[in-house]
**Q** 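Below: one structure in structure tokens.
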There are 2 protein chains.
Amino acid sequence: METQDLKKAGLKVTHPRMKILEILERAPEHHLTAEDIYRKLLEEGEQIGLATIYRVLTQFEAAGLVNRLHFEGGQAVFELDRGTHHDHMVCSRTGRVVEFYDEVIEQRQREIAKAHGFRLRDHSLILYGEFIEDEDTSSS
Amino acid sequence: METQDLKKAGLKVTHPRMKILEILERAPEHHLTAEDIYRKLLEEGEQIGLATIYRVLTQFEAAGLVNRLHFEGGQAVFELDRGTHHDHMVCSRTGRVVEFYDEVIEQRQREIAKAHGFRLRDHSLILYGEFIEDEDTSSS
DNA sequence: AAAAAGTTGAGAATCTTTCTCATAATCGTA
DNA sequence: TACGATTATGAGAAAGATTCTCAACTTTTT
């Protein structure tokens with residue numbers, strides 16, 4: 001029930017916005033590109049324009065409903081903001097994304113920022129590599 | 001004297017490549033977009049095509065001579081690889097970039113990766129905010 | 001229900017980056 | 001030092017991602 005969130009953000013409760021939120025909520029991957037969302041909506045028979053998706057995602061980002069992440073590869077990915085900050089680990093083989101949170105790292109960042117006279121607003125930490133279990137050793 | 005580096009990477013020593021390296025070495029900002037390099041070269045009377053700049057930067061990246069960074073905003077920025085890994089702090093007001101290195105964070109990343117069965121290849125840590133000294137409080 | 005305000009879809013436009021291909025430069029060798 | 005094989009360059013076209021434009025349409029307010 002996010003119609004509240006939309007209203008709070010000064011956004012009208014429209015069909016495209018609800019559907020986009022739904023997709024983000026249901027996606028098992030949790031991290032989707034605008035195109036991913038576009039295709040998933042099409043599959044469900046919702047013909048929502050790509051331009052609308054980008055527009056809405058940008059509005060959602062401004063409202064704090066979603067986060068936009070810049071992984072390698074140019075295309076931005078979006079995730080629902082579930083209130084808890086976390087960083088990301090991206091498997092270069094499968095594209096799998098795992099979230100993690102580490103208070104030691106968070107704390108160090110604050111200290112480093114302070115030491116540099118830097119007002120820390122946000123940060124992006126992404127680990128790149130491969131999950132060992134995702135490795136297809138010898139199989140077909 | 002990087003002609004050695006170019007040869008070692010299996011790249012011919014050409015005028016565009018030398019000039020691009022020069023620009024990267026001399027740039028006080030240390031972090032340039034392909035366009036930045038293109039414009040700086042033009043200012044020096046070097047008419048090198050943008051396509052060449054992108055091509056060369058990609059080759060340099062593969063050879064480990066430069067790093068490609070993805071700050072917010074879509075455009076990639078490049079820096080000369082001076083052999084010492086570091087992360088970045090970006091001022092949203094001035095665009096100023098400051099490098100830092102923190103062994104505690106590096107170590108934590110390795111531990112986190114290990115705990116997740118993740119073979120860590122690389123990482124990107126960027127702090128966003130503003131340098132307090134860059135703040136134009138009241139001035140003209 | 002009508003008016004006011006905000007939203008959508010489609011395609012055009014923009015921006016960044018890569019590709020194509022004919023021409024030109026580099027490098028090892030004769 | 002010139003030759004030939006190889007590789008690189010420049011310009012413009014092309015591709016990919018995202019934003020813009022604007023007329024038609026919903027939502028919300030009155």
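Note on naming: letters A, B, ... go to the chains in the order of the sequence lines (proteins, then strands), and numbering restarts at 1 for each one.
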**Q** Tell me whether B:Y38 contacts the main-chain N or O of B:Q47 through its side chain, where contact means a donor paired with an acceptor under 3.5 Å.
**A** no
**Q** Of B:A51 and B:H15, whose closest DNA chain C nucleotide lies nearer the 5' terminus?
**A**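 By nearest-heavy-atom nucleotide position, the 5'-most residue is B:A51.
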**Q** Relative to the 5' end of DNA chain D, which residue comes earlier, A:G74 or B:G10, by the nucleotide with the nearest heavy atom?
**A** B:G10
**Q** Do NZ/NE/NH1/NH2 and the carboxylate oxygens of A:R108 and B:E106 come within less than 4.0 Å?
**A**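 A salt bridge is absent here (no side-chain N lies under 4.0 Å from a carboxylate O).
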**Q** Could you tell me how far apart B:Q75 (CD) and D:dA17 (P) are, to the nearest whole angstrom?
**A** 17 Å
**Q** When the distance from NZ of B:K19 to P of C:dA25 is rounded to whole Å, what number comes out?
**A**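 B:K19 atom NZ is separated from C:dA25 atom P by 16 Å.
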**Q** So which one's nearest nucleotide on DNA chain C is more toward 5', B:T33 or B:V13?
**A** B:T33
**Q** Whether B:R17 contacts D:dA8 is assessed here as follows: a side-chain N or O lying under 4.0 Å from the phosphate OP1 or OP2. Is that the case?
**A** yes
**Q** Counting only N and O atoms by type, is there a donor-acceptor contact under 3.5 Å from the side chain of A:H86 to the main-chain atoms of A:T84?
**A** yes
**Q** When you measure only distances, ignoring hydrogens and angles, does the side chain of A:K12 come within 3.5 Å of the base of D:dT26 through a donor and an acceptor?
**A**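 No, the side chain and the base share no sub-3.5 Å donor-acceptor pair.
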**Q** Would you say D:dT9 has OP1 or OP2 under 4.0 Å from some side-chain N or O of B:T14?
**A**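 Answer is yes, contact under 4.0 Å.
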**Q** Without decimals, in angstroms, what is the distance between B:I37 CD1 and C:dT16 P?
**A**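 About 14 Å, once rounded to whole Å.
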**Q** Rounded to whole angstrom units, what separation is found between the CG atom of A:L57 and the C1' atom of D:dT19?
**A** 13 Å
**Q** Consider the side chain of B:K7, meaning its heavy atoms from C-beta on, and name the nucleotide among C:dT18, C:dT7, C:dC27 that approaches it most closely.
**A** C:dC27
**Q** Just how far, in rounded Å, is C1' of D:dT6 from CD of B:Q59?
**A** 14 Å
**Q** Which nucleotide in the set C:dG9, C:dT18, D:dT18 lies at the smallest distance from any side-chain heavy atom of A:R55?
**A**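 The nucleotide sitting nearest to the side chain is C:dG9.
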**Q** With the side chain of B:P16 defined as its heavy atoms from C-beta on, choose the nearest nucleotide among C:dG9, D:dG10, C:dA10.
**A**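 Closest of the options to the side chain of B:P16: D:dG10.
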**Q** Taking all heavy atoms of B:L6 and all of B:K12, pick out the closest pair and write down the distance.
**A** CD1-O, 4.5 Å
**Q** Using a strict threshold of under 4.0 Å (side-chain N to carboxylate O), is an ion pair present between B:R96 and B:E130?
**A** no
**Q** Using a heavy-atom cut-off of under 4.0 Å over every strand shown, decide if A:T52 touches base, sugar-phosphate, or nothing.
**A** base
**Q** Under 4.0 Å from OP1 or OP2 of C:dT18: is there any side-chain N or O of B:Y54 that close?
**A** no
**Q** Rounded to the Å, how far apart are A:L50 CG and D:dG16 C1'?
**A**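 So the CG-C1' distance, A:L50 to D:dG16, works out to 11 Å.
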**Q** What's the CG-P distance between B:L6 and D:dT9, to the nearest Å?
**A**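 So the CG-P distance, B:L6 to D:dT9, works out to 10 Å.
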**Q** Touch check for A:E35, heavy atoms < 4.0 angstrom, all strands: base, sugar-phosphate only, or nothing?
**A**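 Here A:E35 touches no strand at all.
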**Q** Atom OG1 of B:T52 and atom CD of B:Q59: how far apart are they, to the nearest 0.5 Å?
**A** 9.5 Å
**Q** With a 4.0 Å cut-off on heavy atoms, is B:A76 in touch with a base, just the backbone sugar-phosphate, or nothing at all?
**A**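 Answer is sugar-phosphate: B:A76 comes under 4.0 Å of backbone atoms only.
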**Q** Could you check how far CD of A:E46 sits from C1' of C:dT8, rounded to whole Å?
**A** 14 Å
